[in-house]
Structures are given as C-alpha cells and as structure tokens.
Amino acid sequence: MYSRKLLDWIHEVELLCQPDQTVWWHGTQQEYDALLEDLVIKKKAIRLNPKLRPGCVLFRTDPSDVARVEQRTFISSKRKEDAGPTNNWVSPETMKATMLEYYQGSMRGRTLYVIPFSMGPLGSSFSKIGVELTDSAYVTANMHIMTRTGDSVLDLMTEDTKFVKCLHSVGYPLSKGDIDPLWPCAPIEQKFITQFPEDNMIWSYGSGYGGNALLGKKCFALRIASYQAKNEKWLAEHMLILKLISPEGVIRYVTGAFPSACGKTNLAMIHPSLPGWKAETVGDDIAWLRFKDDGRLYAINPEAGFFGVASGTSWKSNPNAMATIAKDTIFTNVALTDDGDVWWEDMTDQAPAHLIDWQGNDWTPSSQKKAAHPNCRFTAPAKNCPSIAPNWEDPEGVPISAILFGGRRPSTIPLVIESFDFNHGVFLGSIMGSEITAATISDDIGKVRRDPFAMLPFIGYHISDYINHWLEMGQLTQPEKLPKIYFVNWFRKDENGHYLWPGFGENIRVLEWILSRTDQDKNGITTPVGILPDPAQFNLKGCSIDPVAYKTLFSVDSSAWEEEIRSIEQHQKIYGDRLPEELKKQLMELKQRFHS
Ligand code: GTP
Ligand code: SPV
Ligand code: MN
C-alpha cells in the first residue's frame, strides 16, 4: 500500500507541473539500462566504447550549468535570523509564490520520475528517507547510483514515515513541435535551489547539475540533515570516512572535512605509500555521525555512490578511483577520445593528439581551452571501488578516532596541527579557509575564503547555532572518548607556486603520525597554534623531499600568523552579536600564546 501522503503530493505536483506521464522508479538494473539506452538513442548521452568502458555513458551539459550555484541557493526558514548571515534567505511565503509560478506547467512535454530513496543503509537507525520528483532522466540515473532507490525503500514507508519531499524540475517545458535542447535548463536568474527546513522540503528549479539537482546529496544529506541533526543531537557533515589498518593490524577510522574539490575522494581512496599500511573506503563526501551507548562517535556514509571530480584523477594519483570508473559509470563534461574513451586534464602525462572537448568541439593539445571542464565528474557505484571497506554499509556505523579539517592554503598553514582539546578543534574547524574551486560557479575561483568545517554552502541554519551545536556535542561524552581533531594542509606552495608536499598516497605519513598521537601523546611539539610533529621523528622513509620544503611544511611563521589572526578577527565579524563566546575566547588565547 502506498502512503496516502505520498500519493497526494505526487498528484499535487502532476497538477502543478503537468508532465506528459509519471513513471515510478523501482530501482532495478533493467530500468537503469533501459533509461540510459533511451538517452543514447535520443542523443542526450554518448555510449562509450564497451570494450574500453563497459556500461559507461558521457553527458555534456549546457555551458552555463556546470556546478553548484551558491548565489541561487536559499534557506527559506520561517525567520530570517534562523538562516543566519551565511545563507541567502527569502521568506517561505515569497519563495513558494515565486517558485510556484515557475513550476506551473514546467514539466510539459516531459516525464515525471518518482524516486523513493534512502540516505544510509536501508533500515539503519541512522538512515532517513526522501522522495525526489524530477523531470530529468539524467538526475534519475544519477540518483539510482548515488542512493538506495525504488521499491525496497517504498516497502519501508508507512503512513507515518517522515520523508523529505524533494521536487526538481530542469525548468524547460516543451510545447508541441519544440525541439528539446541537449541539456535543458533555465537561465541563472531563474535557477532556485531552496531548502525549507521546517517543512522537511526541497524545491529545486532550473539546473540539472550535481548538487543542484541530485537532491539527496547536498540539499538533503547536508542542508536539511544538518538542521535535523541540530534538533536531534547528531552531526551531518561534509566529510569523507576512511578505514585504516596499521602494519600491526589495528583498525581505526578517521573522517575528514575538506571543502569541495579539496581532496576528500582522494583521501578516502588513498593508496598508502608506507609499507604495511592498508586503507579502505567507507565514504567520500558526506558523513552522518552520532554518539552511541559506549560513548564513542560513530559515522555512516549516507550515500551509495561517488560523484567525484574527474579532473586530476589518474592511475598515479588515485588508482582506486580509476579502477572504480572502469565500468558502469556516468561521466559528465569530460573529453571524448577518438576510440570512444574518456580523458581529462592530468589523467595522463601527455594529452591525446585529438579529442572532442566537453562542449563537443574538436580539441588538440595546442587548443587554448581545457578539454574537460575543471568540474567534470564521474558517477560510480561505491560497490565498484576496489578499496571499499567490506563493512562500509554497516547499519551501526564505524567508530571515529580522529577528525581532520583541511583546505587549499598556499601559505601559513603547516602540513598538520593537532588541536589542544575538542573546543580548540572546533575553533580550528571554524577558521578553516580554502581557495575557491570550480565546484561552485564563481568569479572568485582561486581566492582564499573562510569555509568553516567545509560547510559554508551547506549549513541549513544559523552558523552561530552550528558552532554552538558542535561545542554541545563535545559535552555529550567523556573527553577521552571524543575523536581528536586535526588541521591538515596538503596544498602549501613555494614561492614559485609549486606544492611543497607530494600529497595523495604520501598523506599516509600524516595519518600515521595522527594515529600514533591518538594512541600516545608522543612525538609532538607544542606551538602557539597547536601541536606539530617533531620533524626529526616524522616518518619520511622512502620519500624524497627537499629539506627546505620540509622545514617550511612544519613551520609556524609568526608574522604570517599575525596576518592570519587579523583575517580571523575580520571573519568573526560575520557572526555580529551572535559570535559564540568560545570562538572569541579561543582567538584571544591564540593571540596570547604568540605573545607569551
Ligand atoms: P567534492 O566532490 O567537490 O566535495 O571534492 P573532494 O573534496 O572529494 O575533492 P577530490 O578528492 O575529488 O580532489 C579534487 C582535486 O584535488 C583533484 O583534482 C585531485 O587530484 C586534487 N587533490 C586531491 N588530493 C590531493 C593531494 O593530496 N595533493 C594535491 N596536490 N592535490 C590533491
Ligand atoms: C561538492 O561541490 O562539494 C560536491 C559536488 O561534492 S556537488 O554534488 O555538485 O555538490
Ligand atoms: Mn562535496
């Protein structure tokens, strides 16, 4: 029996958006195969060479629809102050009235797909259910990979089941005789990505891309879930989850919050360069965390696939990702080779002599433009990843020993810093900064912005309440059971703009130090900013690194930090009179440590 609530809502949307037909997504492989085949026949997608990439297709989007649109993303809470200073806000009444006009007839000439989905393993106490109604077949195929969809989810729903209502339209209705463009979408000023936290509801209009349209991901699993998490005393975070097995066979789990396109997928799939270490992937983008009865913090990955950055991914940098995307993968905005395979910048040392670029034009290495869009992505099932942890779907979650915060900081921030305690760790999370990447549409790509907890575009409520919620979470258990908190920076550069740290598989060296610290407080040097590794004890065996670079990676330059402190002070002004006391105190103590 279908839930009445669900059927009524679908009926409402049918009357409003007027699709030609409604299709229920049951979640089977046959449906998925048929949907993709239909898209290939209609020339909406290109089937890649089955000998080279079996089960793979390529989509090209409209050049205006290539990443998340933060300036068109809204938290429509009832009260403006509940959205806070970091979110765009429009009242729910105004937003609904505006968007209803756009939705009126918006699915004409199209199919409405009904996609029930579960974020988290089916039936886990961590998991939550949503239903996405979308007029995009591309979104449907991606949701099939990224979440658990279909009848098995519907079977869990009773009349009382709370679910997030996710409505999505590409915003391009078709009248009789109209030709459907390759990638229908609406112009930027008509795009809306709106969260209504109090209504458990998401309305997305005008974009078909990634986090704008796959509503289980950023809209639900971060923005709506972070709001729920605050009320229900858990955490919904922009974090990878990594399982590490030491040479002695000790298993530990860490999470890491890095902003978009700053290395989560890569760390989650790390191929450790240190002998004896083994790493397994639990999640690459989102973690839902809660304390259990033993007092420890446990995490699940609410997703079922990876929507990963393709640019920069190679057999050298991320062999696990390359193996994952060998089959059954959807590629978006990558370049096409002459033999029907894919390519993107830095996939190989040498670019092929000829390609079709992400916009469908001829490309050669002498072309001025990039062959693939910098935010080109792959969508692949997690189960295809050779490093996936056998227990990645454990409904109980995995216990977390350490939390990493990081970003792209070309200067100032050392390779790794250990916080003095949990509250200091929350302060470190709050002052995170990073160069803006192509994962969002912005004129400021490359500029450093503060991105607290890598959640700036994803917190579904007031940022002060978010910080206070983290601080309160730290009170829910004994201090020794809390994960230790670290700041990492793989992206420090020399004066010529070269990375000082080799990164990728070599990041295991930092993880080794971190895990040695979670066991025993040794090999640390106390500095004003936190505890750093003793460079003489840090494991560099087998890693050739320039001694000057090495020194810089572990240096705390007080004049650079004076500047950093001024910048943090400036940033704290965004909180206005709602600056959390603890952040004020931590900044004061940081200053004092430099002057004592
Ligand atoms: P989202 O999916 O946008 O949330 O991104 P993400 O945080 O998962 O980023 P991802 O791991 O996909 O990395 C983005 C880019 O950073 C890729 O081009 C990587 O090659 C590059 N990258 C990742 N890790 C490292 C590293 O340790 N060092 C360097 N230099 N680059 C890295
Ligand atoms: C991000 O931007 O952090 C992503 C990609 O993970 S998207 O799903 O488009 O948000
Ligand atoms: Mn992300």
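Both backbone and side-chain heavy atoms feed into the values below; hydrogens, waters and symmetry mates do not. Ligands are counted one by one from 1 in listed order, and the atoms in each one are counted from 1 as well. Residue numbers count from 1 along this sequence.
The shortest contact between atom 2 (O) of ligand 1 and any protein heavy atom is with Arg377 NH1, 2.7 Å. Looking only at heavy atoms of the protein, atom 7 (S) of ligand 2 is closest to Gly211 N, 3.4 Å. Protein heavy atom nearest atom 32 (C) of ligand 1, with residue, atom name and distance: Phe504 CZ, 3.3 Å. If you check which protein heavy atom lies closest to atom 1 (P) of ligand 1, you get Ala261 N, 3.4 Å. For atom 4 (C) of ligand 2, the closest heavy atom belonging to the protein is Lys218 NZ, 3.2 Å. The protein non-hydrogen atom at the shortest distance from atom 4 (O) of ligand 1 is Lys264 NZ, 2.7 Å. When hydrogens are left out, the protein atom nearest atom 16 (O) of ligand 1 is Arg408 NH2, 2.9 Å; that is the closest non-hydrogen contact. Protein heavy atom at the shortest distance from atom 18 (O) of ligand 1 is Ser311 O, 2.8 Å. Nearest protein heavy-atom neighbour of atom 19 (C) of ligand 1: Asn266 ND2, 3.6 Å. Among all protein heavy atoms, the one lying closest to atom 9 (O) of ligand 1 is Gly263 N, 3.0 Å.
Which parts of ligand 2 touch Asp285 is read off a 4.0 Å heavy-atom cut-off, strictly below it: atoms 6 (O). Counting the atoms of ligand 2 from 1 in the order shown, those under 4.0 Å from a heavy atom of Ser260 are 1 (C), 2 (O), 3 (O). Near Gly503, the atoms of ligand 1 lying under 4.0 angstrom from a non-hydrogen atom of the residue are 27 (O), 28 (N). Close approach to Ala439 involves these atoms of ligand 2, each under 4.0 Å from a residue heavy atom: 2 (O). Set against the non-hydrogen atoms of Gly312, the atoms of ligand 1 under 4.0 Å away are 18 (O), 20 (O). Each of the following atoms of ligand 1 lies closer than 4.0 Å to a heavy atom of Pro259: 7 (O). Residue Lys217 has at least one heavy-atom neighbour below 4.0 Å for each of these atoms of ligand 2: 6 (O), 8 (O). Contact atoms of ligand 2 toward Gly210: 9 (O) (distance under 4.0 Å to a heavy atom of the residue).
Distances from ligand 1 to the non-hydrogen atoms of Trp501 include no value under 4.0 Å. Contact between His238 and ligand 1 is present, with at least one heavy atom of the residue lying under 4.0 Å from the ligand. Under the 4.0 angstrom criterion for non-hydrogen atoms, Lys264 is not in contact with ligand 2.
Taken to the nearest 0.5 Å, the CG atom of Asn507 stands 10.5 Å off from the CG atom of Leu242.
Exactly one of Leu240, Asn489, Asn266 qualifies for a side-chain contact (heavy atoms from CB on, under 4.5 Å) with Phe258. That residue is Leu240.
For the pair His238 and ligand 2, the shortest N or O to N or O distance falls below 3.5 Å.
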Evaluation steps, side chain to side chain donor-acceptor pair (under 3.5 Å), between Tyr138 and Thr332: CA-CA 10 Å; Tyr138 170 84; Thr332 309; 2.7 Å; yes

Test log, rule side-chain contact (heavy atoms from CB on, under 4.5 Å), inputs Met239 and Ile403: CA-CA 9 Å; Met239 286 178 176; Ile403 297 174; 3.7 Å; yes

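Of the candidates Val309, Asp285, Thr265, Leu240, Thr265 brings a heavy atom nearest to atom 8 (O) of ligand 1.
With salt bridges taken as basic N to acidic carboxylate O contacts below 4.0 Å, one links Arg517 and Glu418. The residues Arg449 and Asp444 are annotated as not salt-bridged, no charged nitrogen and carboxylate oxygen being separated by less than 4.0 angstrom. Remark: Arg408 does not engage Glu435 in a salt bridge, criterion side-chain N to carboxylate O under 4.0 Å.
Phe538 does not carry Arg509 over the face of its six-membered ring by the limits of under 6.0 Å from the centre and within 45° of the normal. Cation-pi geometry between Lys128 and Phe220 is not satisfied (NZ or CZ under 6.0 Å from the ring centre, within 45° of the ring normal). A cation-pi arrangement is present between Arg72 and Phe192, with the terminal nitrogen or guanidinium carbon under 6.0 Å from the aromatic centre and inside a 45° cone about the axis.
In the model, Asp62 has a side-chain atom that pairs as donor or acceptor with a side-chain atom of Ser64 under 3.5 Å.
Residue Cys262 touches ligand 1 through its backbone alone, judged by heavy-atom distances below 4.0 Å. Neither the backbone nor the side chain of Asn212 comes within 4.0 Å of ligand 2, counting heavy atoms alone. Within the 4.0 Å heavy-atom criterion, the part of Phe307 lying near ligand 2 is the side chain and not the backbone.
The Mn ion (ligand 3) sits nearest to atom NE2 when only the N, O or S atoms of His238 are considered. Among heteroatoms of the N, O or S kind in Asp285, OD1 lies nearest the Mn ion (ligand 3).
By the 4.5 Å heavy-atom criterion applied to side chains, Pro414 and Phe554 are not counted as neighbours.
Between Asp451 and Pro259, the closest heavy-atom pair is OD2-CB, 3.3 Å. Closest non-hydrogen pair, Arg68 versus Pro457, comes out as NH1-CB, 3.8 Å. Listed here is the closest heavy atom pair of Lys316 and Asp349: NZ-OD1, 3.9 Å.
The 12-atom threshold is not exceeded at OH of Tyr172, counting heavy atoms of other residues, nucleotides or ligands nearer than 6.0 Å. By the 6.0 Å contact criterion, NE2 on His271 is open, its count of non-hydrogen atoms from other residues, nucleotides or ligands being 12 or less.
Residue contact annotation: Phe307 places no N/O/S atom under 2.8 Å from the Mn ion (ligand 3).
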